[in-house]
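Every number for a ligand or one of its atoms is a count from 1 in the order of the listing. Position 1 is the first residue of the sequence; numbering continues from there.
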Amino acid sequence: MSDAVVLMAYGSPERLADVPTYYADIRGGRPVAPEHLEDLVARYRRLGIEESSPLNAITEETRAALERELELRVFTGMKHWSPRIAEAADAAVADGADRVVGLVLAPHYSALSIKGYRDQLEQALAARAELDFVDSWHLEPGFVELLADRIRGTDAHVVFTAHSLPARILDMGDPYKDQLLETSGAVAAAAGVERWSFSFQSESPTGEPWLGPDILDHLAALHEDGVEHVLVCPVGFVSDHLEIRWDLDVEAQEKADALGMRLERIEMPNADPAFIRTLASIVKKALP
Ligand code: FEC
């Protein structure tokens, strides 16, 4: 069989003018409140998106490195931007692939996140190629070890974080939260770190309750408990993007400053060669 990989990521607008279209895509046809759009544009402006779009550039770097590592064609598909997942599927089929590994650059499964990538890819392939989709890879040894290396030896209290989701996923029996805690526990154990906790981040104003605690409240609670130094280790994201550079590097940092706490965060895996080898190992395991 001829194999290819469709490597999927969330996607990011390339320039400020793209933000309304991008936000509309995320909302999937549901209305966008003008004040929420304004707020999002302001966040991207403060990030300097006019100069560069970190997520899209890092995803391309990751794609190219994974292709070299695997000696297989790798096509990028973005959930909310271009190249779309459907374009990646078409490109893989046009290139002659009859078996495709679908891998998302997000380690934890939820029906409200990874399933969306899966549905888009399945629909686009329309049985033109066999699909081996990786639902989650949250305990992949190379991933756990890479994060453990970044927190090992710290004297700070480690806060693991991931994107929040609407709290109704708990009633749906969704594995998301359990998987996040499993990754966090495994990373802490591998690093020999005993003082750690977990909090969510990046909640959206959608009008329903989201999973907590949010990192901003969590920092305040840690401060109350006498914690003075925090090392943030995002486990639910793998690259530098808005949720890292804004929600953590600006918002959480400002909160820590206001509380008089010291806050640092680990370097994201991005296209680190060790992370590329980990992605390659996940792909190899997915192939029969
Ligand atoms: O750097 C960038 O330009 C994009 C950064 C980005 C990543 C990301 C990852 C995840 N999201 C997840 C869930 C949701 C749900 C909603 C939602 C909304 C947004 C908005 C922006 C945004 N997300 Fe995101 N997400 C990123 C960016 N996300 C911008 C819209 C404005 C805002 O609320 O801030 C709510 C949708 C709705 O309105 O109904 C739910 C999850 C992940 C991690 C998994 C993954 O990467 O796919 C889960 C990166």
Which is it for [X] and ligand 1 at heavy atoms under 4.0 Å: side chain, backbone, both or neither?
X      : result
Val104 : neither
His241 : both
Ser12  : both
Thr206 : side chain
Leu105 : neither

Give me the residue, atom name and distance of the protein heavy atom closest to [atom].
atom                     : value
atom 24 (Fe) of ligand 1 : Tyr10 OH, 2.4 Å
atom 1 (O) of ligand 1   : Leu242 N, 2.9 Å
atom 4 (C) of ligand 1   : Tyr22 OH, 3.2 Å
atom 20 (C) of ligand 1  : Ile26 CD1, 3.6 Å
atom 41 (C) of ligand 1  : His163 CG, 3.6 Å
atom 30 (C) of ligand 1  : Tyr23 CE1, 3.4 Å

Backbone or side chain, does any N or O of [X] fall under 3.5 Å from an N or O of ligand 1?
X      : answer
Arg30  : yes
Ser204 : yes
Lys79  : no
Ala106 : no

Evaluate the ring planes of [X] and [Y], with Trp represented by its six-membered ring, and classify them as parallel (under 30°), tilted (30 to 60°) or perpendicular (over 60°).
X      : Y      : answer
Phe275 : Trp137 : tilted
His138 : His108 : tilted
His163 : Trp210 : tilted
Phe160 : Trp196 : perpendicular

Does even one non-hydrogen atom of [X] get within less than 4.0 Å of ligand 1?
X      : answer
Ala9   : no
Leu112 : no
Pro205 : yes
Glu203 : no

Side chain to side chain donor-acceptor pair (under 3.5 Å) assessment of Gln201 paired with Thr161: CA-CA 7 Å; Gln201 58 165 97; Thr161 68; 2.8 Å; yes

Say whether, by atom type as modelled, one donor and one acceptor occur between the side chain of Asp272 and the main chain of Ala274 under 3.5 angstrom.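 The answer is yes, because a donor-acceptor pair under 3.5 Å joins these two groups.
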
Counting each atom of ligand 1 from 1 as listed, which ones have a heavy atom of [X] under 4.0 Å away?
X      : value
Tyr117 : 45 (C), 46 (O), 47 (O)
Ser113 : 48 (C)
Arg43  : 32 (C), 34 (O)
Pro13  : 3 (O)
Gly11  : 4 (C)
Leu40  : 29 (C)
Arg27  : 37 (C), 38 (O), 39 (O)

For [X], does the [atom1] atom sit with more than 12 other heavy atoms under 6.0 Å from it, leaving out its own atoms?
X      : atom1 : answer
Glu35  : CD    : yes
Lys79  : NZ    : yes
Lys115 : NZ    : no
Glu228 : CD    : no

Identify whether the distance between the nearest side-chain nitrogen and carboxylate oxygen of [X] and [Y] falls below 4.0 Å.
X      : Y      : value
Glu87  : Arg84  : no
Arg168 : Asp174 : no
Glu145 : Arg152 : yes
Arg73  : Glu67  : yes
Asp214 : Lys255 : no

Any idea which of Trp210, Trp81, Tyr44 brings a heavy atom closest to atom 40 (C) of ligand 1?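 That would be Trp210.
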
Output field: ring centroids His80/Tyr10 closer than 6.0 Å: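 His80 vs Tyr10: aromatic centres under 6.0 Å.
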
